[in-house]
Protein chains: 2
Amino acid sequence: MATIKDVAKLAGVALSTASYALSGDSKVSPKTRAKVLEAARSLNYRKNGIAMDLKRSRTNTIALILTDLSGPYYSELIRSIQDVALAHGHDLIACSSMGERDSTAIKFLREKRVDGAVVLAHNIADDILLESAGERFPIIVMDRELTGDHLVNVLVDGEQGGYRATQYLIEAGHRSIAYISGPLNSYDNQQRYKGFQRAMHESGLSEKPKWRLSGGFVREGGYSATKMMIMQGELPTAVFYGNDEMAVGGMKAFEDHGISIPDEVSVIGFDDIELAGYANPPLTTVRQPKSEAGSLAGHLLFQMLDGESVDEQFKLGIELVERKSVRKREH
Amino acid sequence: MATIKDVAKLAGVALSTASYALSGDSKVSPKTRAKVLEAARSLNYRKNGIAMDLKRSRTNTIALILTDLSGPYYSELIRSIQDVALAHGHDLIACSSMGERDSTAIKFLREKRVDGAVVLAHNIADDILLESAGERFPIIVMDRELTGDHLVNVLVDGEQGGYRATQYLIEAGHRSIAYISGPLNSYDNQQRYKGFQRAMHESGLSEKPKWRLSGGFVREGGYSATKMMIMQGELPTAVFYGNDEMAVGGMKAFEDHGISIPDEVSVIGFDDIELAGYANPPLTTVRQPKSEAGSLAGHLLFQMLDGESVDEQFKLGIELVERKSVRKREH
DNA sequence: GTGAAAGCGCTAACAG
DNA sequence: CTGTTAGCGCTTTCAC
C-alpha cells in the first residue's frame with residue numbers, strides 16, 4: 001500500500017508538500033499540486049484514515065451502540081440520528097454490544113475509536129458508560145435512566161405511556177385487565193408497568209396475581225404467556241402487552257384457541273412496530289416519538305462535542321394509536 | 001486523557017514495561033505488573049485503540065456496508081455474518097453508504113479503517129469497490145455480479161427463484177400471469193424477471209405488454225402499479241411481484257377494490273420478509289437462504305484475510321414457501 | 001511556496 | 001525481566 005511518503009518521493013517533493021497538495025491547501029503551487037496528484041494517482045494512493053485520526057486526535061465519527069446489529073430496530077430513530085450526524089459532517093457507524101465485556105461496542109467506547117456515542121443497548125453496564133464518557137467523549141443514553149458527567153439521557157416517558165394505555169382500556173369499560181410483562185429487569189418494562197399500576201390504582205382496580213405473566217418482550221413469550229393465561233381458565237376482558245411483539249404472539253394464542261379479538265378479549269400493545277398495523281385485527285398500541293427522540297439525541301451529542309452545556313435529562317411524551325383490537329364495553 | 005506514558009511514569013517503569021504489563025505479557029514480574037495496573041487504574045487509563053491499530057497495521061474489525069443503517073435489512077443475514085466475525089475474534093461494524101461519494105461507507109473502504117468488508121449496498125459504484133479491494137483488504141459483494149482481485153461474489157440465484165415462482169404459478173393452472181417489476185436497473189430485479197421470462201417461454205406463454213408495470217420494490221409502488229392494472233380493465237389470474245413489499249402493497253390495492261385473493265387473483269412474492277406470513281392471506285413467496293449466504297460471506301472473508309485463495313463467485317439456490325395467496329385453477 | 005522535523009499513542013525488536 | 005529506541009502514516013508548526 002502506497003503511503004504519502006511514496007507519493008512525495010515519486011513527485012520529487014517533500015512529505016509536507018505532498019500532504020498540503022493532497023488536502024488542497026492553497027499555499028502549494030498549481031504546478032506542484034498537479035505533480036503530486038499525478039503521482040498519487042499512479043501509485044493508487046489512498047490516505048490512511050487511522051493515521052490521520054491519530055494525528056488529529058479526532059475521528060469525525062460517532063457510534064450508535066445497539067444490542068444486536070441484526071435488529072429489529074426503530075428504524076425511524078436510527079434514521080434521524082443518521083441525518084443529524086450527516087448534517088454535521090460526521091460519520092455514523094453502528095456497533096453491536098453482543099458478547100459481554102469484550103463486545104465491539106465496549107471496545108469502541110473504551111478505546112475511543114469514535115468521538116462520541118448514542119447508546120441503545122441495555123446490556124452495557126452503567127459503570128462502563130459512566131467511566132467511558134468524558135470531556136472529549138460525550139455519550140447519550142436512550143434506554144435507561146442514567147446521567148453523569150458528559151453523559152446525558154434522552155428518554156421516552158414509558159410510565160406515561162403505560163398509564164395512557166391502561167386508562168384507555170378503563171375508559172372503554174374494561175375492569176379486569178392483565179399486564180403481560182417484558183423482562184422484569186428491563187427499564188422500559190418497569191416504566192410501562194408502573195404506569196399500568198398507577199392507572200389501575202386511580203380507578204380502584206387491582207390486578208389478579210395469576211395474570212402476572214412475563215413474555216420477555218418477544219413474540220414467542222407473548223404467545224406462551226397468553227396460552228398459560230388461557231389454560232388457567234379465567235380470562236381478563238383486556239390485556240395490555242408490554243410491547244407489540246408480545247401482543248402479536250398473544251393474539252396468535254387467542255386465535256389458536258378460537259378466542260376472538262376484540263369481541264371476547266381486547267388487546268393493546270406498546271411501540272407501534274410496523275407489524276402492528278398488519279396484525280389481525282390491527283393492533284391498538286402506544287406510539288413512541290422515535291424520530292424526535294433520535295434527532296434530539298443527535299443534536300445533543302453535537303452540542304456537547306462543541307463544548308456547549310446541556311441539560312442532563314430529556315423525557316418525551318407518547319401518543320396512542322387507536323386501531324381495532326380494543327372493544328368498548330357496556331356495563 | 002492519560003496515555004501509557006503517564007502510566008509508566010507514575011508506576012516508575014519504562015514505557016515498554018508498562019505496555020507489556022498492560023497486555024499481560026508473561027515476561028513482566030508480578031510485582032511490576034501490579035504496580036503498573038495500579039497506576040493505570042488510578043489514572044483511569046484507557047488504551048487508545050487508534051494508535052494501536054496504526055502500530056499494528058490491523059484493526060481486527062470488518063465492516064458491513066449497508067445502503068442505509070435504518071434498514072429494513074435481512075436480519076438473519078446480518079446475524080450470521082456477525083456470528084462468524086465474533087467467532088474469528090473480530091469486530092463487526094455497520095456503515096451506511098448514504099451520501100454518495102463521501103459516504104461513511106466509502107470513507108471506510110478507501111481509507112482502510114477496517115480489515116475488510118461485506119457489501120450489501122447497490123449504491124456503491126463498481127469501480128470504487130474494485131479499486132478499494134486489495135491484498136490486505138478483501139471485499140465480499142453480495143448484491144450484484146462483480147468479481148475482481150481480492151473481491152469475491154456471494155449471490156442468491158434470483159433467476160432460479162423467478163423461474164420457480166413462475167413455474168409454480170403455471171403448475172397451479174395459471175396462464176395469464178403478470179410480473180410487477182422492481183427498479184429496472186436493479187440486478188435482483190433483472191434476475192427475477194429473467195427467470196420469469198424463461199418459465200413463461202418454456203410453457204409457451206407470453207406476457208401482456210400492458211401488464212409490464214414497475215413498482216420500484218416498495219410497497220407504495222406495488223400498490224399503485226396494481227391499481228393501474230385494475231383500472232386497465234383486464235386482470236391476469238396471477239401476479240408475480242418482484243418482491244414481498246410490492247406484493248403487500250398490491251394485495252392492499254386488490255382489497256381496496258373488492259378483489260379477493262386468491263379466489264379472483266393469485267399473488268406470489270419474493271424474499272419472504274417477516275410481514276409475508278402476516279399478510280392477509282399469508283403470502284406465498286420465494287425464500288432466500290439468507291443465513292447461509294451471510295455465513296458463507298463471513299467465512300470467505302476470513303479465509304481471504306488468512307491469505308487462502310477462494311473461488312471468485314458463489315451462487316446459492318432458493319426455496320419456495322407455500323402459503324395461501326395462490327389458488328389452484330382447473331381448466 | 002517548500003522542506004525538515006516533531007510528534008499523535010502505541011507496540012515490538014533489541015540490548016542489557 | 002526491564003529499558004531504549006525505532007517506527008506505524010499522517011498533519012502541522014517553523015524555518016528557509
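FYI, side chains are in, hydrogens and waters are out, and symmetry mates aren't considered; it's all heavy atoms of this structure. As the structure is a computational prediction, the values presented were derived from the model and not from experiment. Chain A is the first sequence line, chain B the second, and so forth, proteins listed ahead of strands; every chain is numbered from 1.
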**Request:** Output, in order, the C-alpha distance, side-chain angles, deciding distance and verdict of side chain to side chain contact (heavy atoms under 4.5 Å, CB included) for Val36(A) and Val7(A).
**Result:** CA-CA 7 Å; Val36(A) 173; Val7(A) 174; 3.9 Å; yes

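Side chain to side chain, Asp53(B) and Thr59(B) fail the donor-acceptor criterion of an N or O pair below 3.5 Å. If you check the side chains of Arg46(A) and Asn48(A), you find no donor sitting under 3.5 Å from an acceptor. In the model, Asp68(A) has a side-chain atom that pairs as donor or acceptor with a side-chain atom of Ser70(A) under 3.5 Å.
Counting heavy atoms from C-beta on, the side chains of Leu22(B) and Ile4(B) come closer than 4.5 Å.
Rounding to whole angstrom units, NZ of residue Lys112(B) and C1' of dC10(D) are separated by 16 Å. In this entry the distance linking CG of Asp25(A) with P of dT13(D) reads 11 Å, nearest Å. As a whole-Å value, the separation of Lys27(B) NZ from dG16(C) P is 16 Å. If you take CZ of Arg58(B) and P of dA12(C), they are 9 Å apart, rounded to a whole angstrom.
Counting non-hydrogen atoms under 4.0 angstrom, Ser29(B) reaches the backbone sugars and phosphates but no base. Ser16(A) comes within 4.0 angstrom of a base, heavy atoms only. Residue-level contact check: Thr32(B) touches the backbone only, with heavy atoms under 4.0 Å from sugar-phosphate atoms and none from bases.
Taking the screw axis at each terminus of the helix from dG1(C)-dC16(D) to dG16(C)-dC1(D) from five consecutive base pairs, the angle between the two is 40° to within rounding of 10 degrees.
Ring pair Phe302(B)/His90(B) is perpendicular by interplanar angle, where above 60° counts as perpendicular and below 30° as parallel.
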